[in-house]
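This report refers to the structure that appears directly beneath it.
Labels below follow one simple rule: chain letters A, B, ... track the order of the sequence lines, proteins then strands, and each chain is numbered from 1.
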There are 2 protein chains.
Amino acid sequence: MKERLKKGGDRYHHGNLRDALVRAAEQQIARSGDIALPLRDVARLVGVSHAAAYRHFDSKQALLAEVAARGFEALTVALTAGAARGRGPAERLVEAAVGYVSFALEQPGAYRVMFHATLKPFTRFPRLAEASLAALEVLRALVREGLATKAFSGEADAAVMATWALVHGQALLVLDGQLSGPFGIDAAQGALAARTSMKRLLEGLRR
Amino acid sequence: MKERLKKGGDRYHHGNLRDALVRAAEQQIARSGDIALPLRDVARLVGVSHAAAYRHFDSKQALLAEVAARGFEALTVALTAGAARGRGPAERLVEAAVGYVSFALEQPGAYRVMFHATLKPFTRFPRLAEASLAALEVLRALVREGLATKAFSGEADAAVMATWALVHGQALLVLDGQLSGPFGIDAAQGALAARTSMKRLLEGLRR
DNA sequence: TTCAGATGTGACCATTGGAAACATGCCGGC
DNA sequence: GCCGGCATGTTTCCAATGGTCACATCTGAA
């Protein structure tokens with residue numbers, strides 16, 4: 001007998017606290033633009049005492065690791081969906097790049113946590129490590145596809161790195177507002193700018 | 001009568017506390033890889049009570065802003081020095097990119113602070129804003145030079161953004177150890193990888 | 001020499017992450 | 001049906017942190 005939350009409203013047991021905490025944390029970070037969120041605020045948002053969180057996570061870091069892991073899983077989906085929009089290896093890579101940056105701008109809280117240094121070494125969070133590699137693998141596959149069909153040339157690893165660096169950098173510069181002053185690029189135009197940049201890089205990868 | 005620190009060793013007045021705090025903070029962040037350094041630790045490193053820091057900085061953020069501002073100034077120097085190593089506009093831009101990533105890897109503490117979201121809006125730290133724009137201006141000038149001499153083509157802003165995104169992303173991925181597992185790239189090879197990536201992007205910018 | 005301003009100290013405060021002891025409610029075995 | 005164990009949540013507590021304040025110490029200029 002689950003799912004009878006409608007009635008009481010204030011129940012002693014939340015029912016789905018782990019999930020609720022992860023989502024609240026993500027939203028808080030998206031708002032503040034900073035990892036340093038008080039765990040107590042997250043708990044309060046969910047309507048629970050801060051100590052309750054420790055029934056579901058060993059530490060605040062573990063909660064953040066969960067946010068990050070889900071983020072990488074969503075990123076994998078976004079990359080795949082993006083690639084599916086493109087026709088031909090080159091266009092598929094470009095659209096995946098656009099999907100990447102769009103994801104970062106749509107879920108900034110998750111994206112910041114995903115690449116936050118304090119969550120390394122990944123070894124402490126196996127699910128996070130796995131999710132991270134899975135996302136990277138999508139990019140790798142797209143590059144391999146391009147190389148196999150002679151759409152690009154050169155070394156695979158180098159192409160993957162260049163692509164990843166470009167989209168990662170573009171996403172973070174937009175997220176941090178670094179491009180809003182000098183270039184007038186905010187979150188709305190970020191993905192568009194990424195397409196332009198990625199097309200240029202792709203020209204270089206072709207030969 | 002300054003500069004007589006040799007004698008007493010433990011003096012009530014430090015003599016150059018502001019500067020010492022900035023440098024200690026940078027080193028601590030470089031070690032931990034995280035902005036969240038206890039101000040007390042920094043003060044202890046310098047041999048001073050934590051409250052003393054507030055004689056020189058309004059807040060911990062203001063101290064970090066100073067670290068960041070100095071970082072951007074050093075980055076400007078690194079970019080200029082890098083560009084000077086290149087012959088011709090294209091090579092100059094590549095070498096500036098290498099200089100950029102090298103700087104980030106050599107001064108990781110400063111680099112992390114420089115792009116940390118909590119220091120925005122820049123408006124609160126005018127010196128930081130100015131230093132940041134000065135560094136960007138070096139990149140802009142290099143791109144303009146390339147366009148003027150027909151070494152590259154296309155729109156200037158787009159080329160600057162793509163370049164900046166590439167080096168920023170490459171620097172952060174290496175710093176965060178994201179490339180060490182999948183690609184075996186650590187700080188030592190980071191700049192080399194940046195050269196490879198930048199050359200590829202440049203091929204795309206040429207046409 | 002003196003004293004006013006600059007610089008450093010120790011005591012204090014509210015907030016934070018985390019641990020511990022206690023409270024509550026859900027579920028399966030009788 | 002009921003009852004006891006286990007998961008989940010609360011209250012209370014602690015040490016560390018950023019920050020403030022009153023007080024101590026030093027420095028240099030009048």
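- For L105(A), the side chain to side chain contact (heavy atoms under 4.5 Å, CB included) test picks out V101(A), V174(A), L175(A), with sequence neighbours left out.
- Checked against the 6.0 Å centroid threshold, F115(B) and F72(B) count as a close aromatic pair.
- Judged by distance alone, the side chain of E203(B) and the main-chain N or O of R200(B) form no donor-acceptor pair under 3.5 Å.
- For the segment residues 30-44 of chain A, residues with any heavy atom less than 4.0 angstrom from an atom of DNA chain C are, sorted by number, L37(A), P38(A), L39(A), R40(A).
- In this entry the distance linking NZ of K60(B) with P of dT15(C) reads 18 Å, nearest Å.
- In this structure, the side chain to side chain contact (heavy atoms under 4.5 Å, CB included) partners of T76(B), at least two apart in sequence or on a different chain, are T80(B), A134(B), A135(B), V138(B).
- Of the residues in residues 51-59 of chain A, A51(A), A52(A), R55(A), H56(A) come within less than 4.0 Å of DNA chain D through at least one heavy atom, sorted by number.
- For the pair Q28(B) CD and dT17(D) C1', the computed distance is 15 Å after rounding to whole Å.
- For H116(A), the side-chain hydrogen bond (donor to acceptor under 3.5 Å, both in side chains) partners at least two apart in sequence or on another chain are T118(A).
- The CG-P distance, from L17(A) to dT24(C), rounds to 18 Å in whole Å.
- Using modelled atom types, one side-chain atom of R18(A) and one backbone atom of H56(A) make a donor-acceptor pair closer than 3.5 Å.
- Between the base of dG18(D) and the side chain of H50(B) there is no donor-acceptor pair shorter than 3.5 Å.
- With rounding to whole Å, Q61(B) atom CD is found 15 Å from dT17(D) atom C1'.
- Rounding to whole angstrom units, CZ of residue R18(B) and C1' of dA6(C) are separated by 14 Å.
- Under the side-chain hydrogen bond (donor to acceptor under 3.5 Å, both in side chains) criterion, E91(B) pairs with no residue at all, not counting sequence neighbours.
- Side chain of Q189(A) to main chain of D186(A): a donor-acceptor pair is present (N/O by atom type, distance under 3.5 Å, no hydrogens or angles).
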